[in-house]
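Just so you know, residue 1 is the first one in the sequence shown, and it goes up from there.
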Amino acid sequence: MKIWKSLLIIAVIILVSWGGFWLYLNFLSGRNINSLDLIHPEAVFVFESNQADQTWNELVSQPLWEVISQLPAFAKTADQLVSLDSLTGANGQVSRTLRNKQVTISYHATGIDSFDLLFTVNFGANSPLDFLEEIKSRIPKSIRIQSRTYSDIEVLEFFDSANSRKWSVSVLGNVLLASSSSFIIEEAIRLYISADQNSLASKLSSNLKLDAEQGRLIFSAHGLSKLLEGISKERDNITVKELAQNDAVFALNLTFEEGQLIFKGPAILSEELDFTPAVRANFPEFQKVISSRTQTITQINMDGVFETQKLRNTAFTSKSTISGEIQSKLTDRGFLDNFSGEFYYLKLENLGNQNDNQVVLARVLNPAQAIAFLKEYRTSTDSEQSDFYRDSEILYFPEEDFPAHLFNGKFAGFPQTHISLLGEILVMSNSAAGMKMILDDFAMGNTWAKAPESFPGNRAINPAAGYSKTFLIDKIWESWENKSNPSWSPFLQIYAPTFRAFPFVSLRINQIGGKPEATLTIPYQSSGVSAVKETAGVSLIPAKTITLSDKIVFGPKAILNFNDRTEDLVVQDTNHVLHLINSGGEKVYSVPLSGPVVSDAYQIDFLKNGKLQLLIATAENLYAIDRLGNPLPGFPVSLNERITHLNLVDYDNTREYRYFIATESGNLWLLDRNGKKLEGWDPLKLQERVILTPRHIRVPGKGDFMVAQSASGNVHLFNRRGEKQSGSPLSLGKDFITPINITSGARGNSLKISAISQSGELIHASFNGEITYRTQLVKENRDDRFELIADQSGYAELILSKQYAKTVVSDDQEKVLFSLLLSGENLKFGYFDFGSNRKILAVSDPEQGFGYLYDLKGDMLTTTPLESEGPIQISHQSTKGQYVIRTVSGSRILEYLMPD
């Protein structure tokens with residue numbers, strides 16, 4: 001019994017002694033800790049070094065310093081180090097103090113949209129108190145120091161002469177901490193005294209030890225979500241949610257290389273994933289499809305689609321109805337077996353009012369079977385629509401986030417999905433505009449394969465990587481500016497030239513030694529970056545002048561030369577002779593017509609052999625002319641009525657054309673490809689004059705509409721058989737005497753009808769025949785007149801307020817963009833939108849014979865006006881990075897080239 005009592009007393013003594021030692025070690029002696037124990041895992045980033053003085057000296061000696069020294073954070077840090085060195089005698093003591101010590105610089109959220117830096121120096125076995133006392137003894141008298149405690153830990157506050165706090169400083173164990181934010185210091189103290197350690201050090205686990213000579217960059221998905229949440233206008237966007245749910249942490253060692261910074265190290269993930277690339281990877285096939293207008297690209301290139309499916313977005317909430325349909329009709333039947341495991345997720349430049357064009361490219365091993373699956377799925381649901389564009393069939397899926405439901409939450413942000421096939425590549429777009437952009441660029445060679453100068457290179461996109469995310473800075477910068485909140489937008493605008501010195505930023509993950517290894521690549525321009533300067537217009541002289549014998553009254557209209565894929569020009573002179581002129585300025589043919597051209601110039605493939613013919617109309621006849629200037633069989637076609645408008649319709653891209661015609665007597669005609677009248681349209685009588693070129697519109701989720709607008713302000717909606725659609729006619733009012741526009745609705749979900757009266761009443765309407773928006777725009781004068789103009793593709797529009805001495809230009813959100821000191825009834829306006837910041841307002845003044853080009857800030861793009869007496873025609877050659885601008889003056893066609 002005595003033995004047991006003795007053993008019990010010994011055990012109690014041991015426990016009390018150990019507890020006392022632990023207490024002394026942790027609270028009395030000042031425990032030796034790793035600085036990362038004091039940093040919250042949601043820090044945006046941490047840079048850690050054991051040779052901070054050498055790393056800093058290396059940084060300022062690099063050409064990179066000329067770039068980043070213009071940023072306030074780096075310039076301020078350099079000034080602070082100089083000031084600190086002067087306080088310690090200006091004899092290099094700061095450098096000696098930092099040498100062989102763990103130093104961290106971390107960036108933390110301190111509010112909804114505010115961030116600040118935390119600096120730490122780990123003194124190891126020594127105490128930082130002596131260094132701190134020396135600093136305190138040398139500070140200027142204008143600096144006031146105030147001591148306070150937080151959780152019984154002393155915090156020193158440094159105030160300047162204006163009584164503003166400049167620094168908060170504390171000592172935690174062997175670590176000296178300093179920040180201009182007391183909040184960050186207090187957060188570090190909470191981590192220090194917490195028994196439940198939740199710090200960045202705990203996330204790194206076995207990767208805690210630093211063994212990089214230059215230091216390492218540590219960041220997490222949580223930290224990046226905080227940054228994006230603070231900068232973005234939409235604080236709860238898809239990307240923020242996805243990152244906030246991701247536990248990934250990266251600890252990447254820094255190396256300086258010529259023209260670039262490389263960070264490389266382990267990727268610490270919450271789930272075990274194998275990033276070995278697909279054995280059958282075929283990146284060149286994707287390069288043929290990836291548009292040069294790509295702003296960001298996410299590469300997923302894992303060994304098989306089922307390995308890819310392990311990479312999931314846990315923030316995505318699926319809808320059970322959609323998931324069930326996809327499960328039973330696609331995945332359970334082996335649809336995913338068609339995929340190789342290669343995916344490329346693109347964000348494209350803005351086009352019109354579509355500012356979130358997203359596209360997923362997936363390689364399929366059996367393209368025909370994959371499309372058959374999708375068609376069968378679509379026909380088994382409520383939506384059976386398809387469309388055709390540039391010889392490609394486009395399947396329409398109205399289900400929200402169809403790709404995300406199919407691929408475990410990846411690729412969210414698709415309010416609708418348009419799917420097409422280009423060779424082995426299945427193309428999925430979240431908007432009709434985005435799909436047409438991809439198909440346009442594929443057809444025109446505006447892709448990474450055909451325009452290699454737009455490909456960022458293997459440093460960014462490497463087929464050996466299992467995953468990568470690349471931001472093409474120059475292309476996406478304007479989008480970032482527009483999406484940033486008011487607190488950050490001015491900063492991004494002011495320092496745009498500095499950030500644009502970095503061509504791209506790419507994060508790549510490879511499988512190395514059985515573990516995922518990440519590489520962050522940040523190349524930069526080695527030449528210096530100048531301060532922001534006002535850009536001046538360019539001086540243009542005609543690159544080509546084509547002279548006819550008579551004055552030009554129609555055109556130029558650009559059409560495709562099917563032989564060499566260049567642009568031909570269609571013009572008509574005062575004698576009603578139609579001329580076709582090739583890209584070399586040579587006349588291909590001249591054909592006399594019955595009168596002035598009253599339509600646009602269209603092209604048809606009448607024989608379905610890839611050779612294109614011209615379709616055009618005068619008041620008397622419909623003409624179809626081949627490339628030799630000969631009429632097609634059965635043409636010209638006469639209706640015995642005076643034609644006012646013509647449009648070309650091809651419902652399903654089968655080349656079974658329809659010619660949609662309006663006449664002076666208010667009749668609508670629909671002719672088949674041979675010019676024969678179709679039942680229901682022979683004619684359809686409106687009994688009032690038409691002011692809009694009648695057109696066929698396929699509305700997502702609603703079907704086909706045949707649209708015409710009459711002079712009384714009625715918009716007539718018919719189906720293909722000529723029967724009225726529900727809600728037709730849409731009555732706008734007699735004051736609406738200019739043609740409506742049909743543009744994309746919000747986020748591309750549908751189409752909207754826009755109309756404006758001469759007095760400035762703006763209306764938006766749906767294809768249900770309902771007015772969805774009505775407002776009266778501000779009139780400065782009683783005689784102000786208003787007009788809507790759409791861009792060349794009909795994606796976006798501008799509002800013009802024509803006043804006595806000026807024209808005020810507003811966007812489609814009614815925001816005034818700029819004013820022009822141009823006015824007059826005869827001014828001819830044209831709006832051209834080629835994506836991103838390539839938007840041009842062209843104004844022609846026939847009376848003065850001048851033409852003007854403006855960007856949407858109101859800046860004139862040329863130093864002097866162009867010669868112009870009629871509408872200005874502009875094409876964009878993306879592979880050459882230039883605009884082709886064509887004007888008419890008398891009997892001359894003038895062609896100008898302007899860099900974009």
Side-chain angles (χ1 to χ4, degrees), residues 548-560 568-581 587-608 611-650 655-696 706 708 710-711 722 739 870-871 888:
L548 303 181
S549 55
D550 296 288
K551 183 178 180 180
I552 297 169
V553 294
F554 170 84
K557 298 285 186 178
I559 63 172
L560 181 67
D568 291 339
L569 297 179
V570 177
V571 295
Q572 187 185 35
D573 63 30
T574 52
N575 293 322
H576 311 323
V577 176
L578 188 76
H579 306 276
L580 182 69
I581 299 166
K587 195 179 295 183
V588 179
Y589 63 70
S590 297
V591 175
L593 303 183
S594 60
V597 173
V598 296
S599 72
D600 205 341
Y602 302 96
Q603 287 183 283
I604 57 175
D605 182 1
F606 191 79
L607 301 177
K608 302 182 181 181
K611 297 182 178 180
L612 302 178
Q613 298 82 38
L614 175 67
L615 182 75
I616 209 158
T618 64
E620 297 78 18
N621 294 315
L622 175 66
Y623 293 88
I625 305 168
D626 68 19
R627 190 163 177 80
L628 299 177
N630 300 317
L632 295 183
F635 288 87
V637 173
S638 174
L639 296 177
N640 296 319
E641 289 190 62
R642 292 187 65 80
I643 297 171
T644 57
H645 300 84
L646 163 71
N647 212 331
L648 177 67
V649 178
D650 186 1
R655 301 177 180 83
E656 293 297 326
Y657 300 110
R658 299 291 184 264
Y659 312 127
F660 201 1
I661 296 172
T663 63
E664 200 172 66
S665 56
N667 292 333
L668 297 178
W669 298 81
L670 195 64
L671 312 182
D672 70 10
R673 66 192 305 272
N674 296 305
K676 304 299 182 184
K677 301 166 187 175
L678 293 173
E679 185 178 352
W681 300 92
D682 56 347
L684 191 156
K685 297 183 178 180
L686 296 181
Q687 297 180 338
E688 54 182 339
R689 184 171 57 87
V690 171
I691 62 173
L692 170 78
T693 300
R695 64 188 64 182
H696 161 255
M706 312 297 279
S710 61
V888 165

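- Applying the ring-ring contact (aromatic ring centres under 6.0 Å, His included) test to His696 and every residue at least two apart in sequence or in another chain returns Tyr651.
- Under the 4.5 Å side-chain criterion, counting only non-hydrogen atoms from C-beta, Leu615 is in contact with Leu622.
- Remark: Asp605 engages Arg655 in a salt bridge (charged side-chain N to carboxylate O under 4.0 Å, His left out) (not counting sequence neighbours).
- Distance check: Leu580 CG to Lys557 NZ gives 15.0 Å after rounding to the nearest 0.5 Å.
- Residues passing the side-chain hydrogen bond (donor to acceptor under 3.5 Å, both in side chains) test with Tyr659, sequence neighbours excluded: none.
- For residues 589-599, the set of pairs meeting the salt bridge (Lys or Arg N to Asp or Glu O under 4.0 Å) definition, not counting sequence neighbours, is empty.
- Without hydrogens or angle criteria, Glu641 side chain to Asn667 main chain gives no donor-acceptor distance under 3.5 Å.
- Tested against Leu671, the residues Ile661, Val649, Leu646 include a single side-chain contact (heavy atoms from CB on, under 4.5 Å) partner, Ile661.
- Applying the salt bridge (Lys or Arg N to Asp or Glu O under 4.0 Å) test to pairs two or more places apart or on separate chains, those with a residue in residues 613-630 are Asp568-Arg627, Glu620-Arg642.
- A salt bridge (Lys or Arg N to Asp or Glu O under 4.0 Å) check over residues 569-579, counting only residues at least two apart or in different chains, returns nothing.
- Taking Phe660 as the reference, Trp681 meet the ring-ring contact (aromatic ring centres under 6.0 Å, His included) condition, with sequence neighbours excluded.
- The 12-atom threshold is not exceeded at NZ of Lys676, counting heavy atoms of other residues, nucleotides or ligands nearer than 6.0 Å.
- Annotation: side chain of Val570 is in contact with side chain of Phe554 (closest heavy-atom distance under 4.5 Å).
- By the side chain to side chain contact (heavy atoms under 4.5 Å, CB included) test, Pro871 is found to be paired with Lys828, residues two or more places apart in sequence or in another chain being considered.
- Looking at residues two or more places apart in sequence or on another chain, you find no ring-ring contact (aromatic ring centres under 6.0 Å, His included) involving Trp669.
- Between Val637 and Gly675, the closest heavy-atom pair is CG1-O, 3.9 Å.
- Inter-residue side-chain proximity for Arg673 and Lys608 is flagged as met; some heavy-atom pair is nearer than 4.5 Å.
- Minimum heavy-atom separation, Asp600 to Ile616: O-CG1, 3.8 Å.
- From Gln603, atom CD reaches atom CG of Leu612 across 5.0 Å, with rounding to the nearest 0.5 Å.
- Pro592 is not listed as a side-chain neighbour of Asn575, based on a closest heavy-atom distance of 4.5 Å or more.
- The side chain to side chain contact (heavy atoms under 4.5 Å, CB included) search around His576 returns Gln572, Pro596, not counting sequence neighbours.
- Contact detail for Thr618 and Ser594: the closest heavy-atom pair is OG1-OG, 2.7 Å.
- By the side chain to side chain contact (heavy atoms under 4.5 Å, CB included) test, Val591 is found to be paired with Tyr589, Leu593, Ile625, residues two or more places apart in sequence or in another chain being considered.
- Here Thr693 pairs with nothing under the side-chain hydrogen bond (donor to acceptor under 3.5 Å, both in side chains) rule; sequence neighbours left out.
- Taken from CG in Asp682 to CG in Leu639, the straight-line distance is 11.0 Å, to the nearest 0.5 Å.
- Atoms CD and CD1, from Gln613 and Ile559 in turn, are 10.5 Å apart once rounded to the nearest 0.5 Å.
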